[in-house]
Amino acid sequence: MFSIRSKLILFMSLLIIIIGTLSCLFFLIHSKKQQEKTLKKLGTSLVMLLAQDDEVKQALNYAQPAFLDTPISRIQALDRDEEIGYLRISNTQSVIVEEKTPWIDIDMKEIPTIKDFSITGVPRLDRLRTRGGAHVAESSRNSDVSLSNRKITCAGKVFYDFSIPIFGKQTFSEEEFAAQILGESEGSKEKAQQILGFVQIGLSPHKLNERVNEIIWRRILPMGLIIISGGICVTFFLSKYFVSPLRHMASITLDIAKGNLDRAIEIRSQDEVGQLSTNFNQMTKALRTSYEEKEKIMAQLRENVTELSRANKELVEIQERLVRSEKLAAIGKLASGVGHELRNPLGAIRNALFLIKKRLPSNGALNDNQKLNQLIELIEKETERSIKTINDLLGFSRIAKPTVSPANIRSIIESSFSRLKIPDTIKKTVLWGDSLPLILVDASQIEQVFINLIQNSCDAMPMGGLLTIHAQREGSFVTTTCKDTGCGIPDDIKNKIFDPLFTTKPKGLGLGLAISSNIIQRHSGYIDLKSKEGEGTTFVVKLPIVKT
Amino acid sequence: MITFSNNSNLELSLIVMAKKYPKTKQIVLLWFVLVFLFQPSFLLRNVIAAENTVFIIRSQQISAYNEAIKGFEEGCKEKNISIKAIYDLKGDAEEGKRVVQNIKDNNIKPNLILAVGVLAATIAKEQFPDIPIIFCMVINHERFNLGGANITGISSEASVEDQFALLKELLGAPKDVGVIYDPTKTGKIISEATIVTKKFEFHLVKSEVFSEKDIEFELKNIINKIDALWVIPDSTVITKKSLSVISKIALEHHLPIFCTSDAIVKAGALVSVSPDYEYTGIQAARMAQTLLSSPTTTSLGIKQPDKLKLTLNTQTAEIIGVNLSSMQSYPNMILYP
């Protein structure tokens, strides 16, 4: 695509070439007309001089060609550029003198002779006026009435032919006017002026052509070239002058489009481009302000969205906790009721079994007794298990409000380990962060939490594995992770893992993690898990540190 | 007279010489005898020379000029003024020069020249600076600078004041009067007329033209603003073609034209005030007599014509609807047709 500058240069150059050419053409036509006019003036002057010459009139009156020598030589002296091609003086009957320039190869017979006054172009009698007895073209302003002026072609040559009748005596114009004012006299009424003959001069246009050629080569062509080249140069620089601010502006707009709103256009003039630059700078400024405001709003919005999502997350968590708490409360209530109702009968059964066992001989060898003892042991075992379950349920329902005091997380975890039996197949690693602060917790409840977590980890690694405990400070919390390399928890049950009565263990009640979660919440802490099926599970517990 | 005076001086000197030189007494006596014998012929010659000779140069043969010449001839009768020759220039300047050359070649010197017409007046002024000249019948003579120490003239137009006096008599109430003129030719007349019209309470509506072509346009331009048209002797305005146009337009608008030429009245104008041409000749004869009787006076200036005539076109008056009753009493009234 052409740039605007190229288009401008192209268009302006074309325009200048057209204007230059037209100007040259106009000048050429004008010059040619001027030259023709000059030639016509010369022809008119020469022919009129001859026509008014008394010697010519006498020569015509007496038909004496010899009388014409002097007037003709006078006329020839006036023709400095030798433009007279031919000259002919005739009376009304015959040609008196006929001359042609030697270098012109024409036959004078071919040039029409003026014999009749009615020939086209010859001025009519009433168009001529006299002043002081001499012929004057009344309308020297109007060339067509001055005399016959024709272009004739003869033997391939062009001549400007000037013909004029030679009159006898004329009347003084003021006397004509006086006669008109004072009334026409009997003798003066339209007396026909006597035509003595005709003068005919043919001017050759060769000098005219030479002058026109000279004008073309010396004036018009250089002038045209100067106009065109000058015009193109001016256009080149002007276009550069006009387009460069636009180009500069375009580069700046490109930068602005890329986001660099700090760019501004330098204002070099007060014209339209300057005005455009000013407006553009104002627009950029407004855009920058708007962009900054938008950025502020966006940042605010992003912050709000983050806040909102966090709040939402908290809300969800709270909701989950609430649901879980409600569930726990419901279960606790149920467990409490059921526990009370079942614990006493189970206690009675256990006592009864104790008495039965006592009454049975301890060393009896009867098979029946052996079998009975086995059954009684089974009953006792299951009864104990039932009582334990009921106690667990009751314990769950009776989680007391924590009595917090500053405690060391390390001692709590170590205490938890001491109360557990870790299988040999499981390798235990405990990592402590530097200068762990004290946490404000109920140590016994937290200990229970860690017991549950470590136990779950050990349960998840029946074939052995690595158990890693890592405690460290994170902000105003002490974060403890309990990581195993067990089977992991499937994604679809991750959300349910802290729900009461949810368990994946064949003999589990599904209360351990629910109770742990409940305890941690009561301590204003957080418990979460990260697990990938087949790779293991990590429980994260955050507990608040003691505020100093 | 001059010859006589010269002879007396010579005689006196001869007497002195005879007393000084007695031998020449006889010669002196003889001289006296001869003088006595020839004295009557000298006296006769002086009597003949006392009759003043006048040449009349006429521009061309037109009736108005001939009337003036006729008047002059009448006026010269029994006034000891002899018209020696009438030269006709035939309206041609070349002819004029030839005539003047002829007069000069013949070595005849008249006491006075009467130039009739502009051509005659201008040539006479140019060629005879030492002979008193009276010119007449020169239309608009101000244009030709005909003043001079030896030039006396009679204007061929009635004065502007006379013209407007007549117009007022004819039209009555003050009116707007239009005039078309070429300022290069008749600017002076219009300047004078501007003052005169104020005196007569006319308002002059002037329109300048420089070519015959513009006349129709200018006339149409002012025709509705004027009550009468004043045609002055301006060669740009008065041509055969323009006269018919002016008359036609004026008649269409029932507009009276007044002028200084009875020829224009014949062409359709209402009224003209012009000199009585024959009486102009008589007036010129009177002026010639004054000039010739007092050799020290060579010029009487340019005078207004003494007698004017009024030419009225009754046909035009009828078309326009002008009441001619006020004009009936005018002494030199010519009615046309």
Side-chain angles (χ1 to χ4, degrees), chain A residues 48-61 67 71 124-146 166-196, chain B residues 58-68 88-98 116-123 137-141 143-144 156-157 185 211-213 231-243 259-267 272 274-275 277 311:
Chain A
M48 286 188 80
L49 273 173
L50 267 182
Q52 290 163 15
D53 199 304
D54 284 341
E55 287 182 64
V56 174
K57 288 178 184 176
Q58 279 178 9
L60 289 175
N61 272 330
F67 290 179
R124 292 185 62 78
L125 187 64
D126 59 359
R127 285 180 177 175
L128 290 174
R129 295 285 182 269
T130 55
R131 188 152 296 161
H135 271 288
V136 175
E138 185 189 301
S139 57
S140 34
R141 315 148 197 160
N142 191 353
S143 61
D144 70 336
V145 297
S146 61
I166 302 166
F167 289 99
K169 288 180 181 176
Q170 301 299 319
T171 308
F172 187 59
S173 62
E174 291 299 339
E175 282 303 331
E176 277 188 1
F177 177 65
Q180 199 178 345
I181 291 289
L182 300 170
E184 300 290 331
S185 74
E186 57 275 10
S188 67
K189 280 180 186 171
E190 290 290 333
K191 53 183 177 187
Q193 287 178 310
Q194 185 195 356
I195 293 175
L196 302 175
Chain B
R58 175 175 56 200
S59 295
Q60 59 176 327
Q61 278 274 9
I62 59 172
S63 56
Y65 291 173
N66 291 340
E67 276 180 44
D88 186 7
L89 305 186
K90 297 175 184 174
D92 182 10
E94 294 300 321
E95 181 68 23
K97 284 174 189 169
R98 234 180 344 262
V116 184
V118 63
L119 183 60
T122 49
I123 287 177
M137 309 302 286
V138 176
I139 305 294
N140 198 3
H141 63 84
R143 279 183 62 206
F144 303 102
S156 68
E157 293 97 26
K185 292 179 180 171
S211 161
E212 183 194 346
K213 291 175 195 169
V231 174
I232 56 172
D234 187 312
S235 57
T236 304
V237 180
I238 299 174
T239 65
K240 279 178 191 170
K241 193 179 163 190
S242 70
L243 263 185
C259 54
T260 56
S261 161
D262 50 2
I264 299 173
V265 171
K266 286 172 187 172
S272 73
S274 55
Y277 303 135
T311 312

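A note on names: the letters A, B, ... follow the listed sequences, proteins ahead of strands, and every chain is numbered from 1.
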Completion exercise
The interface call for Ile264(B) against chain A, heavy-atom contacts under 4.5 Å, is side chain
Problem - Proximity breakdown for Leu89(B) and chain A, heavy-atom pairs closer than 4.5 Å - result: neither
Practice task
Calculate, to the nearest 0.5 Å, the distance between atoms CD1 and SG belonging to Ile181(A) and Cys259(B) respectively.
Solution key: 8.0 Å
Problem - Shortest non-hydrogen contact from Phe177(A) toward Pro233(B) - result: CZ-C, 3.7 Å
